[in-house]
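Here is the structure we will look at.
In listed order, ligands and their atoms are each counted from 1. Hydrogens, waters and symmetry mates are skipped; everything else that's a heavy atom, side chains included, is used.
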Amino acid sequence: MAKRPSSIEIRAYQVGFGDCFLVSFVYSAKDTRHVLIDFGTTELPKQLQGPKVHMRRVADHIRQMCGGELTAVVATHRHADHISGFATDSKSGNSGTVIADCKPRVVLQPWTEDPDAAKDATAATRDSARSAKGFVAGLDAMHRLADHAWRIGSKPPPSMSAAAAKQLRFLGMDNMKNRSAVENLIAMGSRKGARAVWAHHGSNSGLVGKGLLEGVKVHVLGPPNLRQTETIRKMRASDPDQFWQLLGGKGLNGPRVAPVKPGAQKTGGKTVPAEARWFRDRVARLSADQLLEIVRVLEDQMNNTSLILLFEVGGKKLLFPGDAQIENWSWALEDAPDAKQTRALLAGVDFYKVGHHGSRNATPRKLLWENFEKRGSGPKRMQAAISTLKGKHGDSKKKTEVPRKTLLEALKAETTLCNTEDQKVKPGEEPCQLVTIKV
Ligand SMILES: [Zn+2]
């Protein structure tokens, strides 16, 4: 019989508002293969020491669990709460160096992260047809805007409420470019003997093969690339037209009212990128709500570049959707030519890593949640894990709080739920909780 894991161990690390899951495929007492899916935080719970100490502690624990050898690292998308731990600088206690020392053989990221992709790419380089529409460049421009938004939130004008300033700081920080982490991910993938993979819906994950995962199927369900669908870059009708001007785009979906000139301008000895300058100059005229709405659009768009992975092992199915929101999901669940087969596959999910820390827009209710057949109290009761921190994101009055109360209640009632918030990580305690799936 072909080689196949007999169980899968999922370690959900306490990283506050962030994600960090070590997925271990156990083949025998001496042969376990480990895949690290995301490693980041934007805020740790108060009882923990800062990222310098805690993220290093998590990295050391991962190294210990995998015996210093990672089969693969997956970074679902570029947000700080998913990649900050890969940074090699002292802010995270050089946690990324510890992970790099585990020499992952595959580094899997969404197609939008391909460093060789032209700024106008619609797909990873190896897929190579391109249009002149600047999606990758747009994602990049966001980081500069995010940086500026964070600064405004840190020194808010008197007219801005404390709550709005707090949200702006959070969203700004999440979307800032994490240069050290991004560079480490590229370096890990280009190491001799390693392979970098940039995947999209339907493409090969690169995780399966001799010496990698064996007896496991990995389906890449998202993100679609722009030749499959443009929805991941389209915004809803209610979104401000300003967004596309902010990106300096060529009027992709909205009117081109105030074109942004390329280049940067020096102000007071500091170089301000063109986009940020445009942003700054208009900030004074925007209400706090409008400002937040623009930054939220940036946040949503990056979430929609999230990898969605489904692992299938001997009839057991594990779903890791990163922070994919509805626009990314809708391709896999509704619009893709194989959407019907995908829904049939997902009906049998045994383990669900709850999307986007339990936000309301990442677990499509009808097509995903209600389609899970193992919800409820049967002997095959579904397991789930959520990594989240209350009070960080959204607003309960607007029913946008994360985690969303109604979703959390449904998860508690209908699945066996592991919630990182329940883990206080007292001194001497392990920084993770363990979920075991028998195959
Ligand atoms: Zn996230």
Side-chain angles (χ1 to χ4, degrees), residues 10 12-23 36-45 51 54-55 58 73-87 92 95 108-110 112-113 139 142-143 146 149-150 166-178 181-182 185 221-223 232 292 295-309 319-329 352-364 368 384-395 400-404 407-408 411 418-421:
I10 300 157
Y13 283 89
Q14 168 57 289
V15 286
F17 201 94
D19 261 11
C20 180
F21 294 89
L22 181 66
V23 187
L36 176 61
I37 304 182
D38 290 336
F39 181 22
T41 182
T42 44
E43 187 168 317
L44 294 168
H54 184 72
M55 295 305 264
V58 169
V73 158
V74 178
T76 59
H77 64 297
R78 205 196 292 171
H79 271 149
D81 61 326
H82 295 253
I83 65 165
S84 72
F86 294 116
S92 58
S95 53
L108 173 60
Q109 294 184 264
T112 46
E113 297 306 315
L139 292 177
M142 279 182 198
H143 295 306
W150 179 81
K166 185 180 163 208
Q167 283 279 295
L168 211 52
R169 284 197 300 277
F170 166 65
L171 293 173
M173 182 185 283
D174 201 25
N175 285 280
M176 272 185 221
K177 189 155 187 164
N178 232 294
V182 169
L185 285 162
L221 302 180
I232 59 164
L292 262 174
V295 184
R296 276 195 197 108
V297 172
L298 307 184
E299 167 90 359
D300 291 349
Q301 196 175 36
M302 191 66 85
N303 283 337
N304 277 327
T305 68
S306 244
L307 282 170
I308 304 174
L309 300 179
L319 177 61
F320 289 86
D323 281 357
Q325 295 185 187
I326 192 74
E327 293 83 0
N328 183 339
W329 266 122
Y352 173 46
K353 194 295 291 188
V354 180
H356 197 201
H357 321 284
S359 96
R360 77 201 153 107
N361 54 14
T363 303
L368 188 69
I386 184 169
S387 182
T388 195
L389 182 69
K390 268 196 283 279
K392 183 77 184 143
H393 201 10
D395 180 348
T400 58
E401 82 281 8
V402 178
R404 176 79 188 111
L407 173 61
L408 201 57
L411 284 161
C418 160
N419 185 344
T420 58
E421 276 216 294

Exercise. Ignoring hydrogens and angles, tell me if any N or O in the side chain of Ser95 forms a donor-acceptor pair with the backbone of Gly85 under 3.5 Å.
Key: yes

Quiz item: Does Thr76 offer a backbone N or O that forms a donor-acceptor pair with the side chain of Asp38 under 3.5 Å?
Solution: yes

Practice problem: Please work out whether the ring planes of His357 and Phe17 are parallel, tilted or perpendicular, with thresholds of 30° and 60°. | Solution: tilted

Practice problem: Using the Zn ion (ligand 1) as the apex, give the angle to atoms NE2 (His357) and OD2 (Asp81), rounded to 10 degrees. | Solution: 80°

Self-check item: Asp323, N/O/S atom nearest the Zn ion (ligand 1)
Solution: OD2

Practice problem: Using 2.8 Å as a strict upper limit, say whether an N, O or S atom of His82 approaches the Zn ion (ligand 1) that closely. | Solution: yes

Quiz prompt | Chi angles and distances behind the side-chain contact (heavy atoms from CB on, under 4.5 Å) call for Gln14, Glu421 | solution = CA-CA 7 Å; Gln14 168 57 289; Glu421 276 216 294; 5.7 Å; no

